[in-house]
Amino acid sequence: MKHTDIKEIISSDKYIGQQVTVCGWVRTSRNSKSVAFIELNDGTSLKNIQIVVEKGEGEYKEPRVGMSLKATGNIVEGRNHTKEINALPSHITILGDCPTDYPLQKKGHTLEFMRSIPHLRSRSNTFNAVWRVRSVLAAALHEYFQKNNYVYINTPLITGSDCEGAGEMFQVTTVGYNAEYKSEEEYCTNDFFGRKAGLSVSGQLEGEMAATAMGKIYTFGPSFRAENSNTPKHLAEFWHIEPEVAFAELDDVIEIAEDMLKYVIRRLLDTCPDEINFFDAHFEKGLKARLEELISHDFGRVTYTEAIKLLQESGENFVYPVEWGCDLQTEHERYISEKVFKKAVFVTDYPKEIKSFYMKQNPDGKTVAAVDLLVPGVGEIIGGSEREADYDKLIAAMNERNMNLDLYSDYLDLRKYGSVPHGGFGLGFERLIMYTTGMANIRDVILFPRTVGSIR
Ligand code: 4AD
């Protein structure tokens, strides 16, 4: 259907005086004796275009909110340099009717209500803005890595090993469990792959294999977590960006994470000013200033041990008690980033017991070269580490965790054949979007959220 994007028309003077055809959905419609006004939105911009209909000629049937239509007319300059379309009734074609039970008749629905209509919520300004930010950030991430000599790789979504060793994996099976199987092993042997398989929680282990050949790689794809976390920041299916770099130590990993985030946020501010102003006005006052501040200052940095001390000396009444060795909870993460540093902060060198087997063991024998990035409002958005490159130390860490070494023989080979210091991190894409839009619930930054007890 030949037509022009509304975004093109409103952002350029070259269409003034020209005839154009636009298509879209009716946001509002007003009718007076001689003229009618239709606000049309085609999704290409937060802004609508106004169609001014001269009712003198031909029969005019007022369109209803939500209807889709096509209109042809001349572009004229309206008040405040806006663009309008002057159209005759005969040049307006209704493409799809919309009865009055259309749920988006009026503005101001709650986000909870919008979650109950995921198939329609994209037609609101809020979700239009979120999906555009999502798209621009995705492009900016690819751009950053491509410019810096990273190779984009695709790691398997179905895996035979659980990357984190945490076991919170969705099982992939084509045979229903049958009580006749004598053991889990027998059941899995009869399954599609002949052994237990699941949806990958991370592409890191395969990413390491590619990085120790290509030097610098990144993945950008879905990860799956079967953890029973019904919180505003956990999804069962989320999008994960995982760069992995050879010849890199923990400090290099931290430098890359900061550089990457600053790049993509700068890109976002340049590309989506309308969307950022919208979120600033409606969801988080001061969002734009906060993002501008982020890209112009160094991120904070603190060790886990120092962070524990800060929390213990805070005088705050935390729900989860703080002692060396505990996992940092969201309330702790937010205190560190919001109250102490008031900005993004890297926390490094966590106790080895609360981190994964593959992290490089520090000389103190107690901590590993891990890093999490905490940001105000969200908490952790990045988790990474330098990897253990020493074959014997890695085997010892796996044995301490009673892991089945046979399942990781490929991974262990990397430490046998030309091992190098290397590291990387995982960025949760939805958490980045929460941080850059001020949206407080992760269910509102992905088109169809999958969370515990909910799929649609
Ligand atoms: O800290 P995580 O679990 O680290 C890994 O998976 C490593 N293999 C990454 C690596 O080093 N290559 O996850 C990384 C990030 C978290 O910081 C968080 O932003 C996001 O992934 N994430 C989730 N996002 C939404 N819902 C969940 N259930 C998430 N779990 C992790």
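Side chains are part of it too, since the values below use all heavy atoms of this structure and drop only hydrogens, waters and symmetry mates. Numbering of ligands and ligand atoms starts at 1, following listing order. The shown structure was predicted, so the numbers you read here are calculated from the model rather than taken from an experiment.
For ligand 1, the atoms lying closer than 4.0 Å to a non-hydrogen atom of I382 are 17 (O). In summary, the atoms of ligand 1 found under 4.0 Å from a heavy atom of I442, numbered by their order in the structure, are 25 (C). Ligand-side atoms of ligand 1 in range of G383: 1 (O), 9 (C), 10 (C), 11 (O), 17 (O), range being under 4.0 angstrom from any heavy atom. Distances below 4.0 Å separate heavy atoms of Y358 from the following atoms of ligand 1: 7 (C), 8 (N). Every atom of ligand 1 is numbered from 1 in the order shown, and the set under 4.0 Å from a heavy atom of G428 is 15 (C), 19 (O), 20 (C), 21 (O). Residue contact check: G384 has heavy atoms under 4.0 Å from atoms 11 (O) of ligand 1. Residue contact check: K233 has heavy atoms under 4.0 Å from atoms 25 (C), 26 (N) of ligand 1.
A donor and an acceptor atom, one from each side chain of R27 and N125, are located under 3.5 Å apart. Side-chain contact of Y187 with K182: a donor-acceptor pair under 3.5 Å is absent, judged by distance alone. Remark: the Y320 side chain and the E331 side chain contain no N/O donor-acceptor pair separated by less than 3.5 Å. Side-chain contact, Y435 with E430: no donor N or O sits under 3.5 Å from an acceptor N or O. For D191 and T173, the side-chain atoms include at least one donor-acceptor pair closer than 3.5 Å. Counting only N and O atoms by type, the side chains of E242 and S202 include a donor and acceptor under 3.5 Å apart. Residues R225 and S223 have side chains that never bring a donor and an acceptor to within less than 3.5 angstrom of each other.
Looking at ligand 1, you'll find an N or O of Q204 within less than 3.5 Å of one of its N or O atoms. For V201, no nitrogen or oxygen atom sits less than 3.5 Å from a nitrogen or oxygen atom of ligand 1, counting backbone and side chain alike. Polar contact check, S202 against ligand 1: a nitrogen or oxygen pair lies under 3.5 Å apart.
Under a cutoff of 6.0 Å and an axis angle of 45°, R123 and Y102 do not form a cation-pi pair.
At least one heavy atom of R225 sits closer than 4.0 Å to an atom of ligand 1. Residue contacts with ligand 1 include R387, since one of its heavy atoms falls under 4.0 Å from the ligand. Within the structure, ligand 1 has E227 among the residues with a heavy atom less than 4.0 angstrom away.
Taking all heavy atoms of M359, E380, E168 into account, the minimum distance to atom 16 (C) of ligand 1 is reached by E380. Nearest to atom 22 (N) of ligand 1 by heavy-atom distance, out of F224, Y435, Y218, F238, is F238.
Checked against the 6.0 Å centroid criterion, the rings of F247 and H422 do not qualify as a close aromatic pair.
Contacts of E430 with ligand 1, taken as heavy-atom pairs under 4.0 Å, are absent altogether.
The residues E244 and K216 are annotated as not salt-bridged, no charged nitrogen and carboxylate oxygen being separated by less than 4.0 angstrom.
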